[in-house]
Every structure is written in structure tokens, then in C-alpha cells.
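Report on the structure given below.
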Amino acid sequence: MAVQESWSPALLHAIHDVADDVRLFEFVPEDGALPYRVGSHLDVQVMVDGKPEVRSFSLVGDGSASTTYRIAVKNRADGHGGSRYLWSLEPGARLQTSAPKDMFALAYGSPEYLLIAGGIGITPLFGMALALARKGSRLRLLYAARQASQLAFEDELRASLGDRLQIFVGERGERIDPAHEIEGLADDAELYICGPLSLREDFQRAWAAAGRDASRLRFETFASSGRHPAEEFEVEVANHDLRLTVAADQSLLQALIDNGVDDVLYDCEHGECGLCSVKVLQCDGEIDHRDVFYSERQHQELGGQRICTCVSRVVNGSLVIDTSQQLVDTGHFAEG
Ligand code: FES
């Protein structure tokens with residue numbers, strides 16, 4: 001049961017390849033583009049296996065007034081089909097898009113900023129870096145990719161940031177050292193990170209080890225990013241007396257919906273709001289928690305009793321859940 005969203009038609013105006021596997025899509029909303037803050041994202045309706053689904057993409061821009069919305073989409077062969085759908089489109093296509101949503105806000109006024117991008121995680125940080133540079137803020141952007149050909153927007157970033165942009169290419173043996181990068185930052189510096197789960201966790205550990213305030217490390221993550229590759233798994237929904245299979249390219253939430261389970265609330269569909277969290281009665285494998293609604297500590301305290309169905313998965317086993325026990329009994333875990 002999706003939380004209601006309002007949609008507006010938009011024309012796909014232009015497509016540009018900006019890296020080996022990253023394509024920039026430019027939409028003109030029929031009702032006009034709304035101003036947005038850097039770090040905001042857009043929800044886009046996509047078609048997967050003939051059915052409408054929703055995907056969220058960071059808006060690529062520095063927040064200046066514009067008549068278009070730009071999103072950059074990595075072509076994920078192992079994804080759930082949303083990127084494949086977008087990559088199949090030609091200019092002139094019409095889609096439904098939401099208004100911009102500001103869930104990864106940039107707080108101005110800090111004495112220093114460290115921005116960390118891993119792969120397609122550059123999309124929200126691109127605008128932040130340009131906006132901070134324009135304001136004369138002290139900043140560095142560290143941008144990591146496996147291959148140089150996977151770096152998007154490098155020229156634009158270099159033109160604005162100069163040597164405040166540092167590139168790390170995995171195939172050249174270049175790695176970001178979180179402790180080294182954090183050392184020497186101003187006391188009230190802020191860190192913004194978007195990239196794979198492992199990169200975020202490395203920085204969170206180093207940030208905590210340096211005794212820095214957790215509220216000054218802000219992050220956005222990818223719904224598809226987990227500790228293990230996605231694989232098929234079996235689920236028993238005890239309160240519906242139902243067994244189902246979650247395909248490797250499908251979310252647990254989608255499998256529930258496809259099988260007529262309509263009592264699971266959901267909204268963000270990328271592991272942030274916690275609405276889709278359900279009770280785990282039994283798991284004989286390992287839950288690959290991919291949400292950011294629960295902290296690492298909360299996941300440990302919960303001992304595998306909850307799973308965010310929109311993003312989290314099971315590896316090497318199966319799951320028994322009760323979808324009637326949702327967020328209402330997890331409220332005490334809400335953290336500031
Ligand atoms: S729908 Fe928001 S965390 Fe799953």
C-alpha cells in the first residue's frame with residue numbers, strides 16, 4: 001500500500017552519455033520545473049515487466065533556476081529493471097515525475113566540507129560541490145570509480161574545483177583512506193557521502209574513531225547496495241499462509257505486492273523511511289540489511305527481527321515474516 005504521491009507529466013527532452021555506463025536524462029515538466037535545493041531527488045515512474053514502478057534519482061545541478069530536471073542513471077544489468085527501462089527510452093518519450101524532494105540537504109555555514117562520491121554516488125554531490133565552490137566555501141571532493149571511463153562530469157567538476165577535486169581509480173590501485181582524509185579537517189567540518197554501503201561504513205567508522213559528531217556526517221545510499229550480491233530466496237508470509245520466491249532482480253516488497261499481499265505500507269522504496277519494515281519470525285540464512293532507516297547498532301539490537309522489504313534481502317537461506325507487524329511497533333527506535 002503506497003503512500004499517496006502526486007505526479008506530473010514530463011517530456012524526455014534530451015539524453016547524453018556522460019560515462020561508460022552512465023546516461024544523463026533531461027526532462028521538461030509540463031507544469032514547469034520547480035526550484036530545488038542541491039542534494040534533492042526526483043521520483044520517476046518506470047515500467048518493469050509491464051507494470052509501473054517508482055525509482056528515485058538525485059537531481060544533477062547546482063540548484064540554479066532551470067526549465068529542466070536532469071538525472072543521471074547507471075545502466076545496471078543486475079538491477080530490478082528501472083534503469084533498463086530508462087536506457088530504452090528515446091527523446092520525445094513522456095513520463096510521470098514527482099516534485100523534487102529534499103532528503104539529503106546541504107547545510108551551509110560549516111567551516112569546511114569533505115564530499116565523498118563512489119561511482120554513481122556523484123549525482124547528489126555534483127551540485128553540492130558546485131554550489132559550495134560558488135559560495136567560496138572550503139571544500140574537497142573525493143570521487144572514486146573502478147575505471148577512469150566510469151567517471152561522470154569530471155571535466156565540469158575540474159573546471160569549478162581545480163585541485164579540490166581528487167580522483168581515485170580502483171584499476172590504477174588508488175583507494176581513499178578515510179582516516180587520512182578525516183584527519184586535519186576543521187573541528188566542525190561536515191562530511192557528505194554517497195556511494196556503496198562499504199564506502200559509507202568505512203567513513204562512518206573512521207569518523208567515529210576520530211571522535212567526531214555523528215550528526216555532521218550525512219549520507220545517501222543506493223538501494224541496490226548490499227554486502228552480498230542479490231540472489232533468489234524463499235519467503236513464507238505467516239499471516240497470509242503464503243509462500244513465495246523473490247527473484248534476484250526483484251525486491252521483497254515487489255514480490256509481496258505481486259503475490260497480492262496488500263497490507264505492507266511503503267513510501268520511499270530506497271530504505272530510508274522505514275515504513276515497509278516487517279517482523280521477521282525466522283531466518284535460516286543471513287539478512288543483507290540494505291536500509292539506512294535502522295542504524296548498524298539498531299540492527300544489532302533487533303537481532304534480525306525486522307527487515308525493510310523494499311531493499312533488504314536474504315542470502316543463503318529463506319525467511320518467515322509477519323506483514324501485519326509494521327512500523328507501529330518500532331517507533332521507539334526512531335533516532336534523531
Ligand atoms: S519504503 Fe521506505 S524504507 Fe522501505
Side-chain angles (χ1 to χ4, degrees), residues 1-7 39-46 48 51-58 76 79-82 96-105 121 124 194 196-197 200-201 218-227 230 233 235 237 244 246-247 249-280 283 287-302 304-314 319 321-336:
M1 203 184 312
V3 171
Q4 284 258 311
E5 170 135 58
S6 72
W7 297 100
S40 298
H41 73 264
L42 198 67
D43 287 346
V44 178
Q45 284 189 9
V46 298
V48 177
K51 285 179 276 188
E53 293 189 10
V54 178
R55 297 291 186 270
S56 301
F57 300 95
S58 296
R76 296 180 188 278
H80 294 175
Q96 297 288 322
T97 64
S98 71
K101 298 179 178 182
D102 183 9
M103 297 176 71
F104 186 38
C194 185
L197 180 67
R200 169 168 63 83
E201 288 182 338
R218 303 168 196 248
F219 59 85
E220 189 160 78
T221 196
F222 309 146
S224 58
S225 173
R227 287 178 184 77
F233 61 98
V235 178
V237 189
L244 55 91
V246 182
D249 64 351
Q250 183 182 39
S251 69
L252 169 54
L253 175 63
Q254 195 57 51
L256 291 168
I257 293 167
D258 288 352
N259 283 274
V261 178
D262 62 0
D263 55 356
V264 180
L265 288 171
Y266 60 94
D267 184 17
C268 72
E269 293 189 71
H270 49 194
E272 291 180 358
C273 71
L275 265 186
C276 68
S277 164
V278 300
K279 174 100 177 149
V280 175
C283 178
I287 300 179
D288 188 4
H289 290 292
R290 300 176 173 209
D291 66 282
V292 292
F293 175 71
Y294 297 114
S295 67
E296 211 172 329
R297 177 177 62 78
Q298 288 171 332
H299 276 304
Q300 282 165 10
E301 287 175 359
L302 285 162
Q305 295 172 52
R306 309 292 310 186
I307 183 168
C308 284
T309 57
C310 68
V311 290
S312 297
R313 313 188 59 83
V314 172
L319 196 63
I321 58 173
D322 181 343
T323 59
S324 67
Q325 299 191 41
Q326 281 196 256
L327 190 67
V328 64
D329 60 0
T330 65
H332 63 286
F333 284 110
E335 276 194 339

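Counting convention: from 1, in listed order, for ligands and their atoms alike.
- Side-chain N/O atoms of Asp43 and Gln96 include no donor and acceptor closer than 3.5 Å.
- Annotation for ligand 1: atoms under 4.0 Å from non-hydrogen atoms of Tyr266 are 1 (S).
- Those atoms of ligand 1 that come under 4.0 Å of a heavy atom in Glu269, given as number and element, are 1 (S), 2 (Fe).
- Taking 2.8 Å as the criterion, Cys276 counts as a coordinating residue of atom 4 (Fe) of ligand 1, since one of its N, O or S atoms falls below it.
- Using a cutoff of 4.0 Å between basic side-chain nitrogens and carboxylate oxygens, Glu201 and Arg227 are scored as salt-bridged.
- For ligand 1, the atoms sitting less than 4.0 Å from at least one non-hydrogen atom of Gly271 are 3 (S), numbered in the order shown with element in parentheses.
- If you check which protein heavy atom lies closest to atom 3 (S) of ligand 1, you get Gly274 N, 3.2 Å.
- Under the 4.0 angstrom criterion for non-hydrogen atoms, Asp291 is not in contact with ligand 1.
- Salt-bridge formation is detected for the pair Glu53/Arg55: a Lys NZ or Arg NE/NH1/NH2 atom is positioned less than 4.0 Å from an Asp or Glu carboxylate oxygen.
- Judged by distance alone, the side chains of Ser56 and Glu269 never bring a donor and an acceptor atom under 3.5 Å apart.
- Interatomic distance, Leu42 CG to Thr97 OG1, rounded to the nearest 0.5 Å: 5.0 Å.
- Taking the side chain as every heavy atom from C-beta outward, Val314 and Cys283 approach each other to under 4.5 Å.
- For ligand 1 and Cys310, the ligand atoms under 4.0 Å from any heavy atom of the residue are 1 (S), 3 (S), 4 (Fe).
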**OP:** Starting from the C-alpha separation in whole Å, work towards a yes-or-no answer on ring pair (Phe, Tyr, Trp, His ring centres under 6.0 Å) for His41 and Phe57.
**Re:** CA-CA 5 Å; His41 73 264; Phe57 300 95; 9.4 Å; no
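- Short contacts between ligand 1 and Cys273, defined as distances under 4.0 Å to a heavy atom of the residue, involve ligand atoms 1 (S), 2 (Fe), 3 (S).
- Cys308 lies apart from atom 4 (Fe) of ligand 1 in this respect, since none of its N, O or S atoms is found at a distance under 2.8 Å.
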